[in-house]
Amino acid sequence: MKPRVRFAPSPTGYLHIGGARTALFNWLYARHTGGTFVLRIEDTDQARNSREAVEVILQGLRWLGLDWDEGPVSGDDMRAGRGDHGPYFQSQRGEIYRRRIAELRDKDAAYEHEGALKFRMGREPVIIPDLVAGDVERKLTDREEIDPDFVIVRSDGQPVFHLVNVIDDLEMGITHVIRGEDHLSNTSKHIALFRAFGVEPPRYAHIPLILNPDGSKMSKRDVGASLATYMDGFFLPEAVLNYLCLLGWSPKDDRQVLPIAEVIEKFDVPQILRGNAKFDMDKLKWLNGEYLKTVTAERFNALCLRELVKAGVATECYPAEYVSAALATYREKYQQLLDQPLSAKFYFSDDFPIDPAAVAEAFVPAARPILDRLIIELGKLAEFTADAIQNLYKPLSKELGVKAGALVLPTRVALTGSKVGPSLYHLMEVLGRERVLSRLAKAATAIA
RNA sequence: GACCCUAUCGUCCAGCGGUUAGGACACUGCCCUUUCACGGCGGUAACCUGGGUUCGAAUCCCAGUAGGGUCGCCA
């Protein structure tokens with residue numbers, strides 16, 4: 001029988017990075033085994049539910065490329081969905097729950113207590129055969145020792161998580177439950193529930209949690225906790241996915257950059273690591289950079305443009321070829337554009353930020369004759385290309401008996417307002433002779 | 001308080017009885033270079049502690065310690 005796995009998030013309005021990894025591991029296992037990946041929305045908590053919150057989850061999974069075989073297709077139409085084990089929203093499965101609750105009552109596995117319905121839990125330790133942690137013997141805690149039974153239907157008639165989760169997994173024919181380790185202790189309850197229904201529980205695999213760098217639990221407000229951070233930021237989904245694969249799983253061959261197809265091929269549940277992992281944004285960024293190197297100019301430009309728009313740099317009045325040529329000079333130094341998007345403004349406006357320290361260092365009196373000479377020579381250049389400009393600067397510095405930096409620095413500061421930036425000769429070619437000459441002239445005048 | 005999981009460089013992983021304990025990120029030295037990057041070549045840095053088992057333990061067992069999780073009419 002082919003495995004059937006599921007990702008069952010609660011629509012809270014954001015997709016947690018840990019949740020994304022849980023989805024990833026389920027997806028990987030399904031794809032590795034040729035099984036089925038089911039998406040089920042656990043929206044029993046009416047208070048924090050909305051179509052938008054469901055959309056956040058669907059869009060997050062789609063962004064990562066984690067396609068599901070069964071489940072909702074949109075948050076708007078909760079009736080529509082792929083698969084024949086629906087509905088895939090718990091809020092629409094009331095009838096199923098009622099039937100199963102009646103079954104437990106009939107079997108005397110549950111009883112009423114203060115308006116609620118409680119499940120008769122055994123007192124013996126439960127063996128949880130976990131694919132990651134091994135056989136776990138779960139004994140009762142001291143509080144459970146007093147009363148091992150637990151509520152499965154609230155006094156307001158709403159069934160609780162433990163119950164609906166088990167019923168859904170049972171009805172949907174889930175064979176492997178791959179979920180966060182925070183559920184490990186509760187699994188004894190789930191196993192007991194399955195047995196009460198007269199069904200063997202699925203196989204369980206509890207994966208370790210993702211922690212903050214300081215070791216604390218990663219929660220909503222922590223840096224990098226929400227997938228939106230990456231979707232809205234300068235990140236490639238394949239890089240995020242790759243990083244997540246490396247957190248708690250390893251290809252065993254010391255490689256870091258792995259195509260997802262290869263991960264699918266190698267992935268298996270028993271190889272998942274047992275310990276929690278701390279989130280390392282630096283490594284994710286490095287990995288992102290590795291992927292960025294291989295991406296098409298179109299995708300790269302789209303990311304850059306989004307950052308420029310955020311920073312208020314208008315590019316729309318420039319020809320597409322110009323914008324694209326300008327962004328190309330940031331290809332190998334995207335980090336700079338990211339950290340300081342305004343530093344790229346010199347391409348799109350004469351009113352760009354100017355670093356006073358750079359001006360003080362570059363526009364010394366000795367720079368005046370150099371700039372004047374450069375203006376003349378650049379004006380005479382037959383072709384205003386990076387190569388031609390470079391071939392002008394090098395000999396000229398020799399002729400003037402100064403280091404190349406003596407020409408380069410004033411030029412760079414005059415053109416960009418900064419000491420750092422893309423390759424000077426290339427950015428000059430992109431900027432074009434007219435803009436270059438006018439900015440150099442302005443700088444030369446300022447020195448005098 | 002009880003129960004459960006975990007424990008190799010700062011971080012993520014490799015190691016599964018005998019290794020100079022390996023790779024990556026980060027940090028750092030040198031080279032390349034018009035700046036900043038990229039890249040290339042190096043460097044610093046780890047087996048939590050204490051008992052066992054064994055000729056021999058990072059590797060197996062136990063305890064302690066530490067970190068995380070769970071014990072809800074939250075999911």
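Letters A, B, ... mirror the listed sequences (proteins, then strands); counts begin at 1.
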Pick base, sugar-phosphate or nothing for A/Leu424, based on heavy-atom distances below 4.0 Å to the nucleic acid.
base

Any side-chain donor-acceptor pair under 3.5 Å between A/Asp43 and A/Ser91?
yes

Could you check whether the side chain of A/Ser423 and the base of B/rU34 have a donor-acceptor pair of N or O atoms closer than 3.5 Å, going by distance alone?
yes

With a 4.0 Å cut-off, would you call A/Glu262 and A/Lys266 a salt bridge?
yes

What does B/rC71 pair with, Watson-Crick or G-U, if both distances are under 3.5 Å?
B/rG1

5'-most contact on RNA chain B (nearest-nucleotide basis), A/His183 vs A/Lys139, goes to A/Lys139

Regarding A/Tyr347 and A/Thr329, do their side chains bring together a donor and an acceptor under 3.5 Å, going by distance alone?
yes

Length of the line joining A/Arg21:CZ and B/rC13:P, which is rounded to integer Å
8 Å

To the nearest Å, how far apart are A/Asn186 CG and B/rC71 P?
5 Å

Please measure how far the C1' atom in B/rC16 lies from the corresponding atom in B/rU8, and state the result in whole Å.
13 Å

Quick one: look up who B/rA21 pairs with, Watson-Crick or G-U, both distances under 3.5 Å, and put none if it's unpaired.
none

Separation between the P atoms of B/rU11 and B/rA26, rounded to whole Å
16 Å

Length of the line joining A/Glu332:CD and B/rU33:P, which is rounded to integer Å:
17 Å

Describe the nucleic acid contact of A/Lys394 in one word from base, sugar-phosphate, nothing, applying a heavy-atom distance below 4.0 Å.
sugar-phosphate

Where does the angle between the aromatic ring planes of A/Phe300 and A/Tyr334 fall among parallel (under 30°), tilted (30 to 60°) and perpendicular (over 60°)?
perpendicular

Can you measure A/Leu327 atom CG to B/rA37 atom P for me and round it to whole angstrom units?
21 Å

With a 4.0 Å limit, can you tell me whether A/Arg274 has a side-chain N or O closer than that to the phosphate oxygens OP1/OP2 of B/rC4?
no

Any donor-acceptor pair, under 3.5 Å, between the side chain of A/Ser185 and the base of B/rC71, if you only look at N and O atoms?
no

Using atom CD1 of A/Ile128 as one end and atom P of B/rG69 as the other, report the distance to the nearest whole Å.
18 Å

Can you check the distance between B/rU59 and B/rA46, where both ends of the measurement are the C1' atom (answer in whole Å)?
15 Å

Rounding to an integer number of angstrom, what distance separates B/rG42 and B/rG22 when you compare their P atoms?
14 Å

Looking at every strand, decide which applies to A/Lys285 at a 4.0 Å heavy-atom threshold: base, sugar-phosphate, or nothing.
nothing

With rounding to the closest Å, how many angstrom separate the P atoms on B/rG64 and B/rC3?
11 Å

Given the options A/Tyr204, A/Tyr29, A/Phe37, A/Phe25, A/His176 meets ring-ring contact (aromatic ring centres under 6.0 Å, His included) only with A/Tyr29

Using a heavy-atom cut-off of 4.0 Å across all strands, would you classify A/Arg138 as base, sugar-phosphate, or nothing?
sugar-phosphate

Could you tell me if the ring centre of A/His206 sits under 6.0 Å from that of A/His183?
no

Using a 4.0 Å heavy-atom cut-off across all strands, classify A/Ala277 as base, sugar-phosphate, or nothing.
sugar-phosphate

With C1' as the reference atom in both, quote the distance from B/rG69 to B/rC27 in angstrom, rounded to an integer.
33 Å

Partner nucleotide of B/rA57 by Watson-Crick or wobble geometry (both distances under 3.5 Å):
none

Think A/Lys189 forms a cation-pi with A/Phe150, using NZ or CZ under 6.0 Å from the six-ring centre and within 45 degrees of its axis?
yes

So, taking the atom named CH2 in A/Trp27 and the one named OG1 in A/Thr22, what distance separates them when rounded to the nearest 0.5 Å?
15.0 Å

Who is the Watson-Crick or G-U wobble partner of B/rU6, with both distances under 3.5 Å?
B/rA66

Do A/Lys333 and B/rC36 have a side chain to base donor-acceptor pair shorter than 3.5 Å?
yes

Let me have a per-nucleotide readout for nucleotides 25-31 of chain B, 5' to 3', with B, S or -, counting only protein heavy atoms under 4.0 Å.
BS-----

Can a side chain N or O of A/Arg179 be found less than 4.0 Å away from OP1 or OP2 on B/rA75?
no

Check every strand shown and say whether A/Gly405 touches a base, only sugar-phosphate, or nothing at a heavy-atom separation below 4.0 Å.
nothing

Could you tell me whether the phosphate oxygens of B/rC74, OP1 or OP2, come under 4.0 Å of any side-chain nitrogen or oxygen in A/Arg154?
yes

Distance, rounded to the nearest Å, where A/Glu124 contributes CD and B/rC3 contributes P:
17 Å

A/Gln256 CD to B/rA24 C1': how many Å, rounded?
4 Å

The residue among A/Glu70, A/Arg40, A/Arg6 that forms side-chain hydrogen bond (donor to acceptor under 3.5 Å, both in side chains) with A/Tyr88 is A/Glu70

Between B/rG18 and B/rG67 - P atom distance, rounded Å
32 Å

Taking the C1' atom in each of B/rC47 and B/rU20, what is the distance between them to the nearest angstrom?
15 Å

side-chain N/O A/Lys278 vs B/rU11 OP1/OP2, d < 4.0 Å
yes

A/Ala414 to A/Ala443 - nearest heavy-atom pair and separation:
CB-CB, 3.6 Å

Between atom NE2 in A/His162 and atom P in B/rU70, what is the gap in whole Å?
11 Å

So which one's nearest nucleotide on RNA chain B is more toward 5', A/Asp182 or A/Ser250?
A/Ser250

Plane angle bin for A/Phe279 and A/Tyr230 - parallel if under 30°, tilted between 30 and 60°, otherwise perpendicular
tilted

When both hydrogen-bonding distances must be under 3.5 Å and the geometry is Watson-Crick or G-U wobble, what is B/rC27 paired with, if anything?
B/rG43

Assign A/Leu287 to base, sugar-phosphate, or nothing according to its heavy-atom contacts below 4.0 angstrom with the strands shown.
nothing

Respond yes when some side-chain nitrogen or oxygen of A/Lys403 is under 4.0 Å from OP1 or OP2 of B/rU34, and no when none is.
no

